[in-house]
Each structure stands twice: as C-alpha cells, then as structure tokens.
2 protein chains.
Amino acid sequence: MNKNKDVVGEDQSGALMADVARLAGVAISTVSRALANPRRVNEKTRAKINAAAKQLGYTPNAMARGLRVGKSNIIMIILPGSLYYGVSQIIPQVLQSINKSLIQGGYNLMIANLDRDEISERHILDLAFGGSVRGAIILSSKLPEVDGRSLANSGLPIVSMLLDMSDAGLQSVVTNDREAVRDVTAELIRLGHRRFFYLAGPEGNYHDVERYGGVLEALEAAGLSKEAVRRSGGRLDYQHGFDIGVQAADDFAGLAEKPTAVIATSDDMAISFVSRIQRAGLSIPDDLSVVSFDGSPVCEFSSPPLSTIEQPVEEMGRAAVELLLDALGQRQNPDCVRTVVRSKLILRESIAPPKI
Amino acid sequence: MNKNKDVVGEDQSGALMADVARLAGVAISTVSRALANPRRVNEKTRAKINAAAKQLGYTPNAMARGLRVGKSNIIMIILPGSLYYGVSQIIPQVLQSINKSLIQGGYNLMIANLDRDEISERHILDLAFGGSVRGAIILSSKLPEVDGRSLANSGLPIVSMLLDMSDAGLQSVVTNDREAVRDVTAELIRLGHRRFFYLAGPEGNYHDVERYGGVLEALEAAGLSKEAVRRSGGRLDYQHGFDIGVQAADDFAGLAEKPTAVIATSDDMAISFVSRIQRAGLSIPDDLSVVSFDGSPVCEFSSPPLSTIEQPVEEMGRAAVELLLDALGQRQNPDCVRTVVRSKLILRESIAPPKI
DNA sequence: TGGTCTATAGCAAACGTTTGCCAAAAATCG
DNA sequence: CGATTTTTGGCAAACGTTTGCTATAGACCA
C-alpha cells in the first residue's frame, strides 16, 4: 500500500505534500487542490488525501506557498519604540485583540518596533519590500522612510490605529478624543470649575492637538477664556508617562492661582501626578478634581479611584483588522478613511465640585 | 550603460536579484554571493553590484530565501491567552526587549497567543511544523499538543521564560522567585511580623509553588510554624490580577486573627487589595505591611508607595534570546537548562514594623 | 614558458508549493 | 449510440533565492 522506504517514526517536520500524494496514490497537484479548494476534487479522493495527510501529520510549508502565490500571510504591527505616554498600558490588549482577529482571517502577526534610529526604519522597510509581510497596522505617527524607499509607497495596505493619519491617506481608526475631552471638560465646568490644568503628552502630537482642542472648545462653549487652562508637559522628547505627571506636579506647585481641575492625557501621568500632589498635602477631589485618558484597569484602584476616558482598544483593534482585511480583499474603499470608535467616560470619585 | 527597457520609475516591490544582476552586468549567483558573503567576490564587482542594488531599491525576498535554505528567520513568542495575573503588566517590556535582541541577530518576532482552546494550539503547531518559524520563546506552562503533533518534538529550539520548564527539558530563564520571597519574608519577620497573608495566583502554578515555598522557608528558618501564613486566591480559572486582590480583601475581612503583613504574588493584586483594605478603614503600613511581586512602575505612585520585587524582565528577555540564538547556532548546550536572573527588592513605604 | 594553483564568476539544480493547461473519464444530451 | 459537455486528475512550469560544481583567467612557481 505504502511503498515508502520505512514508514515508522515519521515525526519531525518531514512530511511533504509529495509524501501525502504518494500515500494517497494521487498526484501532488491533486493533494494541493484537495486541501485548498476542496470542491475541485472528488469526495472519495479527498477523503483518502485527508486521511493520508492526517496520518503523516502533514503541515503545508508556508514559505513555499507564500513564494508561489507571491503573498505572505503576515501582518506587521508597527509600535512606537519609545512607548509614548498612554500607549504602553494598552499594548497587550491591542496586541491580543488584533492577533485574535487576524488569526480568524488566516493571518499572523509580526511585531516591528519603530525607534528613532535608522536601523529600525530600515528593518521595517526590509520587511515590507522583501515580501515578508502583506499589510501593516501602525501605531506611530511616523512612516519609515530611508534611501528613497518609503512605507507609504510599498504597495502594502496600511491602517493607522489610535492616531489619525488620514491626512497621509491612511485608513485610520481612532477614538473620539476631542469630543470626549470636550464633554468631560463641560461636565467639570458644570460642576463649577473655572480654572483647569492640562497635562500634555508630546506637543503637536495628534492626541495632544485633539484633546487640548476639546478642552478649548468646551471653554469657549461656556463663554470662558482660553486663559482658564494652563498646560504642563508637552516636551518633545519622549518620556515615561509617570515622569510627566511628576514634573507636572512640580509645575502645579509653582502656579500662583491654583486650578481646581486637572485633565490628564494619560492614566499614567494622572496617577503619578495625583501621588505627588497628595504628598504635598492636597486632597483629591476636595482640593482638586482629576480626570484622565485611557481607561487602564488600575484606575479603579487608585485612591481615590480615578475618573478616566476609556479607549475602546479591543474594538479599535477589531476595526483596524477589518479595514485591513477589506483592503487585502481588493475591495479598495478610499471613501471612509477615518473610523471613529466612541470612547466611554468612566466617572469615579476623583471628580467633585470645587471647594467653595 | 544600462540596457534595461526603460529604467525610470522603478519603484514598487519590483526589483529582483535578476534585475540587479543585469544592471551590474554579472550573473545572479554573483549578486547573491556579493550580498551574503562579500569576501567571495571581487571588490570591484561588489561595488558595482551594491550600487545597482541601491539604485533599484532592491530588497531580497525573504520567503524565497527561507524556502531555499529551509529555514525561516522568524521567532515566535507564545503568550498565555488569558494574560495571567502579573504578566500583563510586563508584556510590553518583554516584547520590546526580546524584539530588539532578535533583530540584532537578524530575526523577527511573531506573536502567538495560546488560549485554552484547540484552535489556538493548532494554529501554533501549524506555525511550528509549517516551517514558518525557526524557534520559540514560551511564556506559558502548557506546550501545545494536538493530534499527535506536539511543540515539544517539532524540532524547534524552545526557550521558556518566566516559568521554569526545565523539567520538560526546556531551557528556562527565570528569576529567583523563591529566594526573593524568602528574603523579603525574613525581613518582615525581622521587623517583628508573625502573622502573614499570602495572595496566590493560580494554585500549583510554578510561580505559586516557588513563591509560597519561599515564604515557608523563611518561616521555618525563623522557627515559626506554617500556620503563621494564611493563603488567599489560588483559584484555578484565570482571573485578572485585580480581581484576585479584591477577593483577597474580602477573605481578609473574614479572618479572626488578622495578619500584619501581606505578601502578594503580583503588583496588580496588591494594588487592588490595598485599595479595598484602605476603604475598609485600615492603614498601610500602620495596620498592615504589604509587599508584592513584579516591579511595575506604577507601584512607586501608589499610596503608600508599594514595596515590590522587581522582575528583571529586560535582562531575562535578552538572556532568553541569547539562549535561543545559541541553540540555533547548533551549539547545543543541554547542560545548563536553567538560567536565573536575580530580581531586585525595592523597598518603599508599604512596609513597617507591626503596630505593637 | 609551461604547469599548477587560486581567486572569481557562471550554470543549473534545488527548495515545496500552486496553477495553467491538457488528457482522460464520466456524464449529459440529441 | 455518437457527440458534446462536465468533472477529475496529472504534467510541468513557475515563484526568487542559494549553492555545488565547473570553467575561466590571472598569478605564481620552477
């Protein structure tokens, strides 16, 4: 029946499609079709082939297939090397959510870190131009570009997540940063707050622009002056979110007229800020209300529990993958280049009306 | 000079090695050698080839190479699907550290989530047996195994990280959990504590065994009875670290004779535990000392700042990659299957002598 | 100067798939 | 029952590299 040399311990990554074909008594091409396109081959033969494949523990070689069809099944996610303020908290969730969606579509997820050096840029470009990856999800605002090669014209479908890069023509999945911050600021105003302290991430960053914009909009809507809000942070060199909060606490101490409400653009900075402020003898929310951005689980267990705007990362991940898969399926839809997933304000005890 | 059809907008992922060869006026094989093994080809020719390659923006096709040499340059990291207690905090660092080391060695990092369902197991096995990956770093205690195929005999080099799986014959990179917990427990004893509360992760888990063992060793060394420590947690179904802490606080409330020191096996559970305990009116460290495990940055900003045993994740990541790369380089060294990287106790205000 | 050796470059055969094309067999139809 | 269509399976040519082997051309030695 099987005229193999000596079919016994056929383990190890050994079984080839040819082996399956031989065992099933058919041609290689038939095996290929049976596996990929079941309806192209007789049910009887297919059964034989499947049995043979199973018996041999056959697993198709992905690289051979990839080479032949000219496409890989790997998607790369480009993470900012220095995980900027808020993002580090939510990376595991993002990864998990994206990976799960991708696998369902038959894709795999590869990690690429985009540092500020040329090496990492070159590396990413090699991945893109070397046919290793089929598409990319990018969480950074910078598109790698070296020696004339640019990710932008690599021909790869790219979806941006968290940051709006629709200006660059990239499909973008973001949350409604501006609106969310505007709403929470409005709520603070409603509670009676009139002087605000805004903790910025890297200045000019999309998130900074949007979120600060949200604050200003709320102030304007309430007939308050722009002067009602003071900024802290905004350094251009990346730093840990916690460091930003610490420094902001110092800045706060130096203010003549103390704000009564703080809007932080990440949970990290809010947490370290609160810690330092409390150490300085102030009380939250009695002396100062605090709200932040991200929705890290840890906020629930701060003292006091922190109000935060929750980024729907899992949903955003799913959406990003869906867009990417659509793009891969040739259904180019250049119409909607920006998908907004609504965030959710979680109100906790860190917010109260100002004293007096 | 260049007798190409019309060499102008030669962008897109188009340039092949054949193109480079034609432009440089040499054979394909020469190009290949010039790029991979520079000393095998004349300096003059090499210069021409490099110039041509650059001009065309040539990037070698990774799948073709992989197919030919029978090896991929992708390493997969297997993450436990339900990120168990402590781990979620440190994943981004782990990933970053591992990825950086891998890239230096010319490898890429692919993510694989190992959930508790067969699908994810099968998926990982396909990756392994399909030649897609060259090696694996595993952060889970379970080796995928389905239909007779098992990761263990996939022929892939595997390194375990965080968990000691040297029993299974896997190179393992761990921290000195037992010793670290023993030391900190001894320190608590020295401060005068006699009744302890231990917050467990999944019972029987390597970390649980080691860390709880550390507590017991310290008790014994001090001539105290095993009864001096009460356990909480240890449920087998995975749950968020924060949930464990919340539940532990309930358990604590039910204890007749209150412990004076808490040893938590992750920062997450310590944080939520402390939060609940404080809400119940107890004060840290006056009523209760707390120390935990992981070394998350957020601990510094808890109130009070939490003492924690810092896992040297970056170092462990580097070590794991190094071991893996060694294994790939055929230098099989089955001697030392367990690498211990020392953790670091960070003492903060959450620890004090017991009140009276 | 003839012979031997070494450096350099080319030819062509892999690697394990997929797939266009064709042949045989089976099914359908007039 | 012959002619036409449909199903089914096989052959062989790709896909873009790497690499063993071979051929050429200098270099070196006697």
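From a predicted model like this one, the values you see are computed outputs, not experimental measurements. So you know, we letter chains A, B, ... as the sequences are listed, proteins then strands, and number each from 1.
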* Structure fact -> Separation of C:dT19 atom C1' from A:L35 atom CG, nearest Å, is 15 Å
* NZ of A:K142: more than 12 outside heavy atoms within 6.0 angstrom? -> yes
* To do: Establish, yes or no, whether the cationic atom of B:R134 lies under 6.0 Å from the six-membered ring centre of B:Y107 and within 45° of the ring axis.
  => no
* Separation of D:dC15 P from B:M17 CE (nearest whole Å) -> 15 Å
* Interatomic distance, B:R33 CZ vs C:dA12 C1' [rounded to whole Å] -> 12 Å
* To do: Return the value, rounded to whole Å, for the distance between atom CZ of A:F129 and atom C1' of D:dG16.
  => 18 Å
* Asked: For residues B:H123 and B:N113, is any side-chain donor paired with an opposing acceptor at under 3.5 Å?
  -> no
* Structure fact -> Ranking B:L67 and B:A27 by the position along DNA chain C of their nearest nucleotide, the one closer to 5' is B:A27
* Asked: Separation of A:R22 atom CZ from D:dG9 atom P, in whole Å?
  -> 19 Å
* Where the side chain of A:N61 is defined as all heavy atoms beyond and including C-beta, which of D:dG16, C:dG10, C:dT17 is the nearest nucleotide? -> C:dT17
* Asked: Do B:R149 and A:T59 meet the criterion of a side-chain donor-acceptor pair at a distance under 3.5 Å?
  -> yes
* **Atom-to-atom span, CD1 of B:I28 to C1' of C:dC11 - whole angstrom** => 11 Å
* To do: Could you say whether B:S29 or B:M63 is positioned toward the 5' end of DNA chain D, judged by the nucleotide with the nearest heavy atom to each?
  => B:M63
* Asked: Nearest heavy-atom pair of A:L163 and A:L139: which atoms, and what distance?
  -> CD1-O, 4.3 Å
* What nucleotide among D:dC11, C:dG16, C:dT19 has an atom nearest to a side-chain atom of A:A64? -> C:dG16
* Nearest of D:dG10, C:dA9, D:dC15 to any side-chain atom of A:T30? -> D:dG10
* **Rounded distance (Å) that lies between atom C1' of C:dG16 and atom CZ of B:R65** => 18 Å
* To do: Take the protein atom NZ of A:K44 and the nucleotide atom C1' of D:dG9, then report the distance between them rounded to whole Å.
  => 16 Å
* Do any side-chain nitrogens or oxygens of B:Y58 fall under 4.0 Å of OP1 or OP2 in D:dT17? -> yes
